[in-house]
Amino acid sequence: MERPVADSPTAAPYNDFSAVMTGGAPFQLLGRPARYTVLYFYPKDNTPGCTTESIAFRELHPQFQAAGTEIYGISRDSLRSHDGFKGKLDLPFELISDPDEALCLQFGVMKMKNMYGKQVRGVERSTFVIDAEGKLVKEWRGVKVPNHPEEVLEFIQGQP
């Protein structure tokens with residue numbers, strides 16, 4: 001699938017997809033009632049950076065909801081791991097399990113990374129804002145956690 005260009009008013013919509021998420025209901029990209037959907041990809045449940053990022057999105061969740069936006073975290077972890085992570089952090093949004101990397105590949109977030117001096121293949125922390133028609137509105141790649149959820153919220157609140 002050809003990916004749309006971020007910040008382009010003519011960006012093609014992402015292909016619709018469904019995925020397994022916490023809470024039991026399947027996630028479907030298109031047809032969501034929200035004005036915007038935030039998909040944040042993160043490497044692994046219960047790691048320091050991923051915990052900090054998820055807590056920051058949790059703390060801003062009411063403001064995202066007021067802006068007509070739903071948030072979903074995505075990683076390769078199992079639903080069982082996600083359920084524990086979500087419960088431990090009291091996350092008010094669902095987490096999507098992508099163990100076969102289908103979504104990671106669709107969004108192009110799988111990268112070679114350095115970990116303790118070794119090259120490993122992993123998820124590049126990335127966030128995507130998608131509108132109700134499935135068009136990519138904004139993307140952030142190689143995200144650094146501090147202030148990132150605030151930046152995403154500020155972007156959404158600045159949309160007409």
Side-chain angles (χ1 to χ4, degrees), residues 1 3-4 6 13-32 34 36-65 69-131 134-153 155-156:
M1 180 196 86
R3 290 201 346 251
Y14 269 97
N15 289 335
D16 194 15
F17 63 84
S18 61
V20 181
M21 66 179 179
T22 54
F27 174 88
Q28 195 79 32
L29 178 63
L30 299 182
R32 305 209 64 74
Y36 294 108
T37 299
V38 169
L39 301 176
Y40 75 96
F41 286 81
Y42 63 95
K44 189 153 183 55
D45 290 343
N46 295 304
T47 57
C50 300
T51 297
T52 300
E53 182 179 29
S54 295
I55 288 171
F57 274 116
R58 177 193 73 194
E59 296 303 308
L60 295 173
H61 188 253
Q63 291 95 313
F64 278 103
Q65 285 191 310
T69 303
E70 294 178 355
I71 302 168
Y72 298 90
I74 304 173
S75 80
R76 299 179 298 174
D77 292 298
S78 68
L79 267 183
R80 182 177 177 161
S81 176
H82 276 347
D83 282 333
F85 188 56
K86 181 180 184 224
K88 178 180 171 182
L89 299 182
D90 196 25
L91 300 178
F93 49 83
E94 304 301 334
L95 301 176
I96 298 171
S97 178
D98 187 31
D100 62 0
E101 300 178 359
L103 298 178
C104 290
L105 295 173
Q106 180 175 339
F107 283 85
V109 300
M110 295 305 298
K111 304 288 181 194
M112 292 305 292
K113 303 172 6 174
N114 283 317
M115 183 172 278
Y116 306 113
K118 293 183 180 180
Q119 286 282 315
V120 295
R121 186 169 171 274
V123 174
E124 177 184 48
R125 193 180 307 278
S126 304
T127 302
F128 301 85
V129 176
I130 300 171
D131 72 11
K135 292 181 185 167
L136 177 65
V137 179
K138 179 80 173 165
E139 69 180 55
W140 291 263
R141 293 182 178 272
V143 167
K144 302 295 181 213
V145 173
N147 302 313
H148 174 64
E150 292 84 355
E151 183 182 352
V152 176
L153 179 61
F155 170 77
I156 289 170

Rounded to the nearest 0.5 Å, the CZ atom of Arg58 sits from the OG1 atom of Thr51 at a distance of 10.5 Å

Does any part of the side chain of Tyr116, heavy atoms only, come nearer than 4.5 Å to the side chain of Asn114, both counted from C-beta? no

Taking the side chain as everything from C-beta on, heavy atoms only, tell me whether Ser78 gets closer than 4.5 Å to Pro99. no

Atom CG of Asp98 and atom NE2 of His82: how far apart are they, to the nearest 0.5 Å? 8.5 Å

If I take atom CD1 from residue Ile71 and atom CG from residue Leu60, how far apart are they, to the nearest 0.5 angstrom? 7.5 Å

Contact summary for Arg125 and Tyr42, nearest pair of heavy atoms: NH1-CB, 3.8 Å

Mind listing the closest non-hydrogen atom pair of Glu59 and Gln63 along with its distance? O-OE1, 3.8 Å

Mind checking whether Pro92 and Gln65 have side chains closer than 4.5 Å, heavy atoms only? no

Partners passing side-chain contact (heavy atoms from CB on, under 4.5 Å) against Val123 (at least two apart in sequence or in another chain): Phe41, Arg76, Cys104, Val109, Met110

If you take all heavy atoms of Phe107 and Arg141, which pair is closest and at what distance? O-NH2, 2.8 Å

Please report the C-alpha distance between Phe85 and Ser54 in whole Å, then the side-chain angles of each, then the deciding distance to 0.1 Å, and finally whether the side chain to side chain contact (heavy atoms under 4.5 Å, CB included) criterion is met. CA-CA 10 Å; Phe85 188 56; Ser54 295; 3.6 Å; yes

Contact between His148 and Phe57 at the side-chain level, heavy atoms closer than 4.5 Å - yes or no? yes

For side chain to side chain contact (heavy atoms under 4.5 Å, CB included), just list the numbers for Lys88 and Asn46, CA-CA rounded to whole Å, side-chain angles, deciding distance to a tenth of an Å, and then say yes or no. CA-CA 9 Å; Lys88 178 180 171 182; Asn46 295 304; 3.3 Å; yes

Over all atoms of both residues, closest heavy-atom pair of Ser126 and Gly142: OG-N, 4.2 Å

Among all residues two or more places apart in sequence or in another chain, which pass the side-chain contact (heavy atoms from CB on, under 4.5 Å) test with Ile156? Tyr36, Val38, Phe64, Ala67, Thr69, Val129, Val152

Distance (rounded to the nearest 0.5 Å) between Leu29 CG and Leu39 CG: 6.5 Å

Beyond-backbone contact of Phe27 with Glu94, side-chain heavy atoms, under 4.5 angstrom: no

Inter-residue atom distance Glu151.CD - Phe155.CZ, 0.5 Å rounding: 10.0 Å

State, without any angle test, whether Thr37 and Glu70 hold a side-chain donor-acceptor pair at a distance under 3.5 Å. no

Using atom types as modelled and distance alone, determine if a side-chain donor or acceptor of Ser75 lies under 3.5 Å from a backbone N or O of Lys44. no

Pro149 and Glu53 have their tightest heavy-atom pair at CG-O, 4.1 Å

What is the distance from atom OG of Ser97 to atom CG of Leu103, rounded to the nearest 0.5 Å? 9.5 Å

